[in-house]
Amino acid sequence: MPTLKVTIGERDRLDRRTRSRIKAAQEGDNFEDVQPRLNFESYDQLNRLLSPKNLELLEAISEHEPASIREAADLVDRDYKQVHRNLSELADIGVLEFEGGGSGKAKTPKLVYDGLEIDIPFTGSNGTTSTAAP
């Protein structure tokens with residue numbers, strides 16, 4: 001599995017990079033070594049991903065490979081509904097995915113990446129990141 005690079009406040013730079021890479025791909029360049037990226041506009045958005053409860057869930061899934069959301073909830077000793085909500089949010093941003101489910105069968109949470117690489121620049125901020133509290 002690849003590592004997901006998480007950035008903050010880099011929308012304009014990433015948009016330019018994406019346009020450049022699309023043009024290069026149209027010209028036949030190969031991009032197999034591309035590291036997937038996830039950009040947040042603010043520290044608040046990033047904080048949701050990096051909450052202690054989410055990190056605990058991701059670690060438990062990595063170590064124990066639970067067969068269901070309920071089993072993941074048991075691993076972290078938390079309420080099923082809370083864990084389901086957290087896992088759904090993580091799936092919505094693409095950090096994990098669910099396998100199976102439907103017709104009474106349990107959904108299995110699966111990690112999409114083997115880790116997160118966090119890139120937070122302290123200079124050149126576009127102003128959207130300056131509102132975060134320490």
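Below, each value reflects all heavy atoms present in this structure, side chains not excepted, and no hydrogens, waters or symmetry copies.
- Here Glu65 contributes atom CD and Glu71 contributes atom CD; the two are 10.5 Å apart, rounded to the nearest 0.5 Å.
- Test Leu87, Asn54, Leu49 against Val95 for side-chain contact (heavy atoms from CB on, under 4.5 Å) and you get one pass: Leu49.
- Leu116 places a side-chain heavy atom less than 4.5 Å from the side chain of Leu50.
- The distance from the NZ atom of Lys53 to the CZ atom of Arg85 is 8.5 Å, given to the nearest 0.5 Å.
- Few gaps surround CG on Asp79; more than 12 heavy atoms of other groups in view lie less than 6.0 Å from it.
- Rounding to the nearest 0.5 angstrom, the gap separating the OG atom in Ser51 from the CG atom in Leu90 is 7.5 Å.
- Closest approach of Ile69 to Pro109, counting heavy atoms only: N-CD, 4.1 Å.
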Would His84 and Lys107 satisfy side chain to side chain contact (heavy atoms under 4.5 Å, CB included), going step by step from the backbone distance to the final call? CA-CA 10 Å; His84 184 276; Lys107 293 193 295 188; 3.9 Å; yes

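- In plain terms, the two heavy atoms of Leu96 and Leu111 that are nearest each other are CB-CA, 4.2 Å.
- For the atom pair OH (Tyr113) and OG (Ser62), the distance works out to 15.0 Å, reported to the nearest 0.5 Å.
- Taking each heavy atom of Ala67 and Ala106 in turn, the nearest pair found is O-CB, 4.3 Å.
- Between Glu97 and Val112, the shortest heavy-atom distance links the atoms N-CG2, 3.8 Å.
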With side chain to side chain contact (heavy atoms under 4.5 Å, CB included) as the criterion, how do Arg78 and Asn86 come out once you've worked through the C-alpha distance, each side chain's angles and the decisive distance to 0.1 Å? CA-CA 11 Å; Arg78 290 181 46 214; Asn86 290 137; 2.4 Å; yes

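- For Gln82, the CD atom is densely surrounded, since the number of other residues' heavy atoms within 6.0 Å is greater than 12.
- Under the 4.5 Å side-chain heavy-atom criterion for grouping Ile, Leu, Val, Met, Phe, Trp and Tyr, Tyr80 is connected to Val76 within one hydrophobic cluster.
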